[in-house]
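Labels below follow one simple rule: chain letters A, B, ... track the order of the sequence lines, proteins then strands, and each chain is numbered from 1.
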Amino acid sequence: MPELPDVEGFRRVLAKAGGHRVDRVDVLDAGAIRGTSADTLRDAVHGHAFGTARRHGKWLICPIHVPGRKHRKADPSVIFHFGMTGELTWSQHDDGERHQHDRVAFVTGSGELRYRDMRKLHGIRLASDDHEVEVLLAGLGPDAADASRDQLRERAGSGQRRIKSALMDQATIAGLGNLLVDEILWRVHLHPSTLTRDLSDRDWRTLHRTMHATLRKAMSAGRVPDHSSWLTGHRDDRDGACPRCGNVLRHTRVGGRNTAWCPSCQPPGDHD
DNA sequence: CGGCCTGTTCCGAT
DNA sequence: GATCGGAACAGGCC
């Protein structure tokens, strides 16, 4: 599930827990904690409060602090990554029992924040201070929702790389996943295997503009919409049709990932 | 049982 | 060096 827009939705969920003192950290499955121990995470968060979380690509970073005091650079942060199946929920009072795949619950007086993840491909990390946060995220490119056109073009490069692989690479720009990349490339009429060196100035301009427009809509929904006017709304149908021209969508493998595209709107070139 | 999956990392082959 | 494909991680579904 989680790509940039989903994580943006989780950021809004986390905001509901903000400011409340965490009375208890229930580690239901320590396998969801990465790079530190359950005890260390508990000790760092217990008695503290979540501050204002920020998102970078698919990562969610939440500074914690002593209630009533601002976060300081030497304070730790809790860092969430949701892999393919993770999510964050906020439950107040008794509404909603815990789910089988809830791995960690942060319990406050007014509700509890639950990290749920079926597959546990990633998990929750703890950075002991702001510098450690920077080190952890150092390999990521600029957030896709903020990246300028020049950043996009320069970081994606102009070599023999396929545009889908470049956009999926979190070191190029951070936040796009398999569904979003297919959606964006479909909107700009580019075949996913197009080599970056074959993109024109105009291609880069429309790619950048469309990336932002697509992200903006998806972020407000807190997910990649499966609306019928989106490619994403048809990619899982058998014989799914292109919402623009009606041709039957094709599914191939690009960059090791299932890739949906329209043979009429996105004709393959002499690549692949 | 085999294969597939909205993510990332690592390793080896070109 | 650049780029790619496959495997691994883990668990549920078809």
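For C:dC9, neither phosphate oxygen OP1 nor OP2 lies less than 4.0 angstrom from any side-chain nitrogen or oxygen of A:Lys120. Contact between the side-chain N/O atoms of A:Asn258 and the OP1/OP2 oxygens of B:dC5 is found at a separation under 4.0 Å. Close to C:dC9, at under 4.0 Å from its OP1 or OP2, lies no side-chain N or O of A:His122. For A:Gln170 and B:dT8, the shortest distance from a side-chain N or O to OP1 or OP2 is below 4.0 Å. Contact check, A:Arg162 against C:dC4: a side-chain N or O comes under 4.0 Å of OP1 or OP2.
A:Gln160 places its CD atom 9 Å from the C1' atom of C:dA2, with the value rounded to the nearest Å. One can place CG of A:Leu167 at 14 Å from P of B:dT8, the figure rounded to the nearest angstrom. Atom CG of A:Leu121 and atom C1' of C:dG11 are 9 Å apart (whole Å). C:dG11 atom P lies 8 Å from atom CG of A:Asp29, rounded to whole Å. B:dT9 atom C1' lies 11 Å from atom CH2 of A:Trp59, rounded to whole Å. One atom, CG of A:Asp169, and another, C1' of B:dT8, lie 11 Å apart when rounded to the nearest Å. Going from atom CG of A:Leu140 over to atom P of B:dT8 covers 9 Å, rounded to whole Å. Rounded to an integer number of Å, the gap from CZ of A:Phe82 to P of B:dT8 is 12 Å.
Judged by distance alone, the side chains of A:Lys164 and A:Thr259 do bring a donor and an acceptor atom under 3.5 Å apart.
Nucleic acid contact class of A:Glu183 (heavy atoms, under 4.0 Å, all strands): none.
Taking 4.0 Å as the cut-off between side-chain N and carboxylate O, A:Arg205 and A:Asp203 do not count as a salt-bridged pair.
Comparing C:dG11, C:dT3, B:dT8 against the side chain of A:Lys58 picks out B:dT8 as the nearest. Considering only side-chain atoms of A:Gln100, the nucleotide from C:dG11, B:dG7, C:dG12 that sits closest is C:dG12. Residue A:Ser165 has its side chain nearest to C:dC4 when only B:dG7, C:dT3, C:dC4 are considered.
The side-chain tip of A:Arg187 points at the ring of A:Trp230 from less than 6.0 angstrom away and within 45° of straight on.
Using atom P as the reference point in both B:dG2 and C:dA7, the two lie 14 Å apart (nearest Å). Comparing B:dT8 with C:dG1, their P atoms are spaced 25 Å from each other, to the whole Å.
Ring orientation note: the planes of A:His208 and A:His212 are nearly perpendicular, at an angle over 60° on the 30°/60° scale.
Mapping A:Arg161 and A:Arg253 onto DNA chain C by nearest heavy atom places A:Arg161 at the nucleotide closer to the 5' end.
A ring-ring contact (aromatic ring centres under 6.0 Å, His included) with A:Tyr115 holds for exactly one of A:Phe10, A:Phe82, A:Trp90; it is A:Phe82.
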